[in-house]
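Heavy-atom basis, side chains included; hydrogens, waters and symmetry copies ignored.
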Amino acid sequence: MSRGTAYDPVSIAFHWTIAALFLGQMALGLSMERVKSMALQFELIQWHKSFGFLILVLASLRLGWRIAAGAPAPDAGLGAVERRAAALVQGALLALTLMVPAAGWALASTSTLGIPSFAFNLVIVPPLPLTPSAPAEAFWRQSHKLLAYAALALVAGHAAAALRHHMLLRDAVLARMLPGLSPRPAKPGDPQPSRRTSRDA
């Protein structure tokens, strides 16, 4: 069980690795649609699939670790509403790191082109037991895209909230996931933000 208010090193490693891979996937997914060379587009799609499978594996391991190790106690300065909102966003992000690549796998599995998925040019990942068809492919393509954009929006809000805590509230919320980071010190003349307690609604 996790102790204290800081995340353990394994959770931190999962968090930042998956975050970096996900943002890279978004950039790769957008760029590969604009490539005119069919050969290059094929290579980029295979790399997009490869990193998608990697994210799916890491997100599954992260979920298992979260269940086994638990999570640290919330920051004492957070109000009840902030705690609930943070838990919902974190849960949604964890779910989306599984759902986005899973939808991509379903898209590849229902594609009528029947192109195999080569994971890092090492192994062929078998398709899911889904029937290839144009309607199914269109459904999973749209689902994959919408889930990815939903995840990106949550990531942006999550990052903005973390920076708000560090830059404006000057608390240790961001430091829980960044070892060695100290709360930003107040400067003379800076307004002192009010802090809500866990009893606040």
By side-chain hydrogen bond (donor to acceptor under 3.5 Å, both in side chains), Ser117 pairs with (sequence neighbours left out) Lys49
- Do Leu58 and Trp65 belong to the same hydrophobic cluster, where Ile, Leu, Val, Met, Phe, Trp and Tyr are linked whenever their side-chain heavy atoms lie under 4.5 Å apart, directly or via other members? yes
CG (Leu21) and CG (Leu28) are apart, to the nearest 0.5 Å, by 11.5 Å
Between Leu147 and Ala103 the two heavy atoms that sit nearest each other are CD1-CB, 4.0 Å
So CZ of Arg62 and OG1 of Thr97: to nearest 0.5 Å the spacing works out to 6.0 Å
Discussion item. Would you say OH of Tyr149 has more than 12 non-hydrogen atoms from neighbouring residues, nucleotides or ligands within 6.0 angstrom?
Written reply: no
- Item | Gln25 side chain vs His48 backbone, donor-acceptor pair below 3.5 Å | yes
Strictly below 4.0 Å, N to O, side chains only: are Glu82 and Arg164 in salt-bridge contact? yes
>> Starting from Val125, can I reach Leu44 by hopping between I/L/V/M/F/W/Y residues whose side chains sit under 4.5 Å apart?
In response: no
Note: Phe118 and Ser50 closest approach over all heavy atoms is O-OG, 3.0 Å
Rounding to 0.5 Å, atoms CD1 (Ile12) and CG (Leu178) come to a distance of 7.5 Å
Nearest heavy-atom approach of Leu174 to Ala162 is CD1-CB, 3.9 Å
Do Phe139 and Leu128 belong together in a cluster built from hydrophobic side chains that touch within less than 4.5 Å?
yes
Report the relative orientation of the aromatic rings in His158 and His15; use parallel for angles under 30°, tilted for 30 to 60°, perpendicular for over 60°. tilted
Exercise. Look at the side chain of Ser109 and the backbone N and O of Pro129, then say whether any donor-acceptor pair between them is shorter than 3.5 Å.
Key: no
Side chains of Leu152 and Leu23, heavy atoms from C-beta outward: is any pair under 4.5 Å? yes
Rounded to the nearest 0.5 angstrom, the CZ-NE2 distance for Arg176 and His165 is 10.0 Å
Counting C-beta onward and ignoring hydrogens, is there a side-chain heavy-atom pair between Leu56 and Leu98 closer than 4.5 Å? yes
Heavy-atom nearest pair, Ser111 first then Pro132, reads O-CB, 3.7 Å
With side chain to side chain contact (heavy atoms under 4.5 Å, CB included) as the criterion, how do Trp140 and Leu130 come out once you've worked through the C-alpha distance, each side chain's angles and the decisive distance to 0.1 Å? CA-CA 11 Å; Trp140 286 113; Leu130 300 171; 4.2 Å; yes
Ile124 and Pro116 have their tightest heavy-atom pair at CG2-CB, 4.1 Å
CZ (Phe22) and CD1 (Ile55) are apart, to the nearest 0.5 Å, by 7.5 Å
Nearest heavy-atom contact between Pro101 and Gly52 is CB-O, 3.3 Å
### Message
Hydrophobic clustering (ILVMFWY, side-chain heavy atoms < 4.5 Å, transitive) - are Leu54 and Val10 grouped together?
### Response
yes
task: In sequence, state the C-alpha distance, the side-chain angles, and the governing distance for Gln46 and Asn121, and then conclude on side chain to side chain contact (heavy atoms under 4.5 Å, CB included).
output: CA-CA 8 Å; Gln46 290 298 335; Asn121 291 320; 5.5 Å; no
Margin query: Grouping I, L, V, M, F, W and Y whenever their side-chain heavy atoms are under 4.5 Å apart, do Val155 and Leu63 come out in a common cluster?
Written below: no
One should read off an interatomic distance between Leu61 CG and Thr17 OG1, to the nearest 0.5 angstrom, of 11.5 Å
